[in-house]
There are 2 protein chains.
Amino acid sequence: MPDYDGAVTEATNSGAVTSPAKRGRGEKSSPTIYDIARLAGVNPSTVSRALSKPGRVSAKTQKIIEDAAEQLNYRVNPFARALPTGRTQTIGLIVADITNPTFFDIIRGAETTGSARDYTLVLAESAESPETELVAARRMLSTVDGLILASPRMDDEKILALAADKPVAVINREIEGVPCVVPDVNKGINQAVRSLASNGHQELAYVAGPPQSWMSSRRWEGVQAACDWYKLGAVRLESSKPTVDGGRQVARDVLASGATAVITYNDLLAIGLMQELQAAGMHVPDQISIVGFDDIFGADFTTPPLTTVRSPLGECGSLAATLLLDMLLGQDGPAEAVRVDTELVVRGSSGRLIA
Amino acid sequence: MPDYDGAVTEATNSGAVTSPAKRGRGEKSSPTIYDIARLAGVNPSTVSRALSKPGRVSAKTQKIIEDAAEQLNYRVNPFARALPTGRTQTIGLIVADITNPTFFDIIRGAETTGSARDYTLVLAESAESPETELVAARRMLSTVDGLILASPRMDDEKILALAADKPVAVINREIEGVPCVVPDVNKGINQAVRSLASNGHQELAYVAGPPQSWMSSRRWEGVQAACDWYKLGAVRLESSKPTVDGGRQVARDVLASGATAVITYNDLLAIGLMQELQAAGMHVPDQISIVGFDDIFGADFTTPPLTTVRSPLGECGSLAATLLLDMLLGQDGPAEAVRVDTELVVRGSSGRLIA
DNA sequence: ACCGATCTGTCAACCGGTTGCCAACTATTG
DNA sequence: CAATAGTTGGCAACCGGTTGACAGATCGGT
């Protein structure tokens, strides 16, 4: 069965190198259902039904219309369809930072899942700013069928307001009444802290992420709880930004804290921190152990390779897209957050403390 | 002056957690120019002109209408606007692989430049397949005002066919009649080969990228020319895919080639190659020097950090977007490809050959 | 005060689909 | 064979802006 939402056929264009055909009136613009109707000898509305409402027209007419459509190489005009229906076959995704590898897998997961169900992904970034994020979200909301917010920085109430308008799914944050996909950090954190404790560490530092980050708070809580259990001291340090550079800047505070093990909000911080500590002559992991979060691209390039708590980010993106698309089909979102597992990936940046 | 293309105002929504308002008829859907017209006591067409054709209506009426629009928190319906005009205020970007860091900066560059001129970026990936790329391009073309192809894999003629339809800009490839942004690899390659020659290398291997990659061929040509000049032997090796994994797989061939210096099509290959060679006991750079391409995120995380020929990818994305947007304003594209400079970034993975 | 030029707002058609409603047609059944 | 139920196709209104054509209003110049 041909797919009128994205048919591909060889255009009989012999490589003219003029400027693109202007959309002027009377130009040879793309065929419409009216063209098909004329060719098939039926009413345009019948064509519309044949192409989008399966079963509404008789098999015979259906066939005639489909043949005519194919002959004309017809493709629906998405705007004409969107105008009366509001449906656009697109979903929006807003990430905090396009160049942060953490989001790569989320983007790909959402894109792949969306494509598989004939939805196009529209991407925007918030540059880690709650305001920019809200602007982007509002602008998007009018053009997409639903929205995925990955690690949103704006307030819960803003998100709820958006969700009241169109379906919204959230990754890396839990909000009552909005479908969420959240890595359950406790398992991974417990593994990490246990591993550090068994390697002789007694004082641990957590380098936090952006203050608006819900996930950063959860991770800190998880670290505190695990440290309590394993009888480690835990101190929280702030970072200026959740990037490699932010990690370098926080190195001073880490040293000053006296901790021998560090868990950072994300891998970028961990990498920057490790670089700076090594530049200052510290030995990782002999003198200080470093554990990151997310297992991003590049985490295993470092020397030593980074120990990290892996979240299945691709799966998060894919799950969020699935949740969203199911909601678009009229299903209710899940009653509570969908949790995915995290796990410790032990590499070389953590290990026995050599006093 | 308020911006009706993306106004943000506090919605007076008190956090109801029901499912999103359905787009049913008669719902409290968003205000239209008809609502404004009624409120302002003018004709809808006047409203339309006031909001989009500066100068066409009197200052007084303009003011009245703008006030009414603001009062109603009006925002244009993009579909209604797109239907008669064809303009959508979006540009499409197709990349070969979303998770390849090479494209991160391109994406961000295009996104930033687009946003600054009130265009939204729509992203798709081709998964390195010419067919998928064409499908994605065709699907996009009907919904965007223009298209950027980053490192396209499809044939020139296909691209020309697309370009005949809507403005297209291309990155990392040169096609007669289509505006292109192309890093001029020769400068960087010359620096690289000279550096390698001066470090005692005599046999060099180039690890090629995907066969459809125009840029891979240019790089190979550049390497050949430079090796000729500096009197080095040059051999070309094929990779299965332009990823870290592909780099690992080609390590065997590199060793078999007897080359003491390797230039790879991109950094991912270089990183994988280096990992595999080191795992096999080789010492980088004492026994073999490795030079990558692009200076992607993470290239400096490796041990030793990667020497690489940097292309200003962010600038490429930004330039391509600028070219495209200028064409949308009616300007002609540049007569020939826009070239940006490349330069060698010397890090630890290349150096003196210790025989 | 008159006249043409310019400005400003209105009318109506249009972009290309979707859909409620109705009439005609087909099939089923008594 | 007629009555009834179920299908199928057509008509026309509608989604929300844009725009060419035009007429009334305004204005400057003489």
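Labels below follow one simple rule: chain letters A, B, ... track the order of the sequence lines, proteins then strands, and each chain is numbered from 1.
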Using atom CG of Asn77(A) as one end and atom C1' of dG16(C) as the other, report the distance to the nearest whole Å.
6 Å
Reckon Tyr34(A) has a side-chain N or O less than 4.0 Å from the OP1 or OP2 of dC14(C)?
no
Residue-phosphate contact under 4.0 Å: Arg87(A) side-chain N/O, dT19(C) OP1/OP2
yes
Using a 4.5 Å cut-off on heavy atoms from C-beta on, say whether the side chain of Ile91(B) contacts that of Val144(B).
no
Atom-to-atom span, OH of Tyr74(A) to C1' of dG16(C) - whole angstrom
8 Å
Bending between helix ends of the helix from dA1(C)-dT30(D) to dG30(C)-dC1(D) [5 pairs per end, 10° resolution]
30°
Regarding Arg117(B) and Asp326(B), does a basic nitrogen lie under 4.0 Å from an acidic carboxylate oxygen?
yes
Touch class at under 4.0 angstrom, heavy-atom based, for Phe79(B) against every strand present
nothing
Atom pair distance, as rounded to whole Å: CG in Leu72(B) and P in dG17(D):
12 Å
Which residues pass the salt bridge (charged side-chain N to carboxylate O under 4.0 Å, His left out) test with Arg108(A), not counting sequence neighbours?
Asp97(B), Glu125(B)
Answer yes or no: does a side-chain N or O of Thr85(A) lie under 4.0 Å from OP1 or OP2 of dG17(C)?
no
Given protein heavy atoms under 4.0 Å, the one-letter contact record of nucleotides 23-28 of chain D, with B base, S sugar-phosphate only and - none, is simply ------
What integer distance in Å separates Arg38(B):CZ from dG9(C):P?
19 Å
Residues which pass side chain to side chain contact (heavy atoms under 4.5 Å, CB included) with Arg38(B), listed by chain and number, not counting sequence neighbours
Asp35(B)
To the nearest Å, how far apart are Ile36(B) CD1 and dG17(D) C1'?
11 Å
So Glu133(B) and Ile94(B), side-chain contact (heavy atoms from CB on, under 4.5 Å) or not? Walk me through it.
CA-CA 7 Å; Glu133(B) 187 172 50; Ile94(B) 298 185; 4.1 Å; yes
Nucleotides 6-12 of chain D: protein proximity per nucleotide (B base, S sugar-phosphate only, - neither; heavy atom, under 4.0 Å):
--BBBBB
Quick one, Tyr74(B) with Ile33(B), criterion side-chain contact (heavy atoms from CB on, under 4.5 Å). Give me CA distance, side-chain angles, the key distance, then yes/no.
CA-CA 8 Å; Tyr74(B) 171 79; Ile33(B) 55 169; 3.4 Å; yes
Earlier contact from the 5' end, DNA chain D, for Lys53(B) and Ala80(B):
Ala80(B)
Check whether any side-chain heavy atom of Met327(B) lies under 4.5 Å from a side-chain heavy atom of Pro179(B), and answer yes or no.
yes
Test side-chain contact (heavy atoms from CB on, under 4.5 Å) applied to Pro152(A) and Ile148(A), Asp155(A), Asp156(A), Leu149(A), the passing residue
Leu149(A)
According to the side chain to side chain donor-acceptor pair (under 3.5 Å) rule, which pairs have a member within residues 46-58 of chain B, sequence neighbours left out?
Ser58(B)-Thr61(B)
In whole angstrom, give the distance that lies between atom CD1 of Ile33(A) and atom C1' of dG17(C).
5 Å
Rounded to whole angstrom units, what separation is found between the CG atom of Asp35(A) and the C1' atom of dC15(C)?
13 Å
Working to the nearest 0.5 Å, report the span between CG of Leu147(B) and NZ of Lys166(B).
9.5 Å
Arg81(B) atom CZ is separated from dG17(D) atom C1', nearest whole Å, by 8 Å
Closest non-hydrogen atom pair between Gly146(B) and Leu324(B), with its separation
C-CD2, 3.6 Å
For the student: nearest non-hydrogen atoms of Ile171(B) and Gly317(B), plus distance:
CD1-CA, 3.9 Å
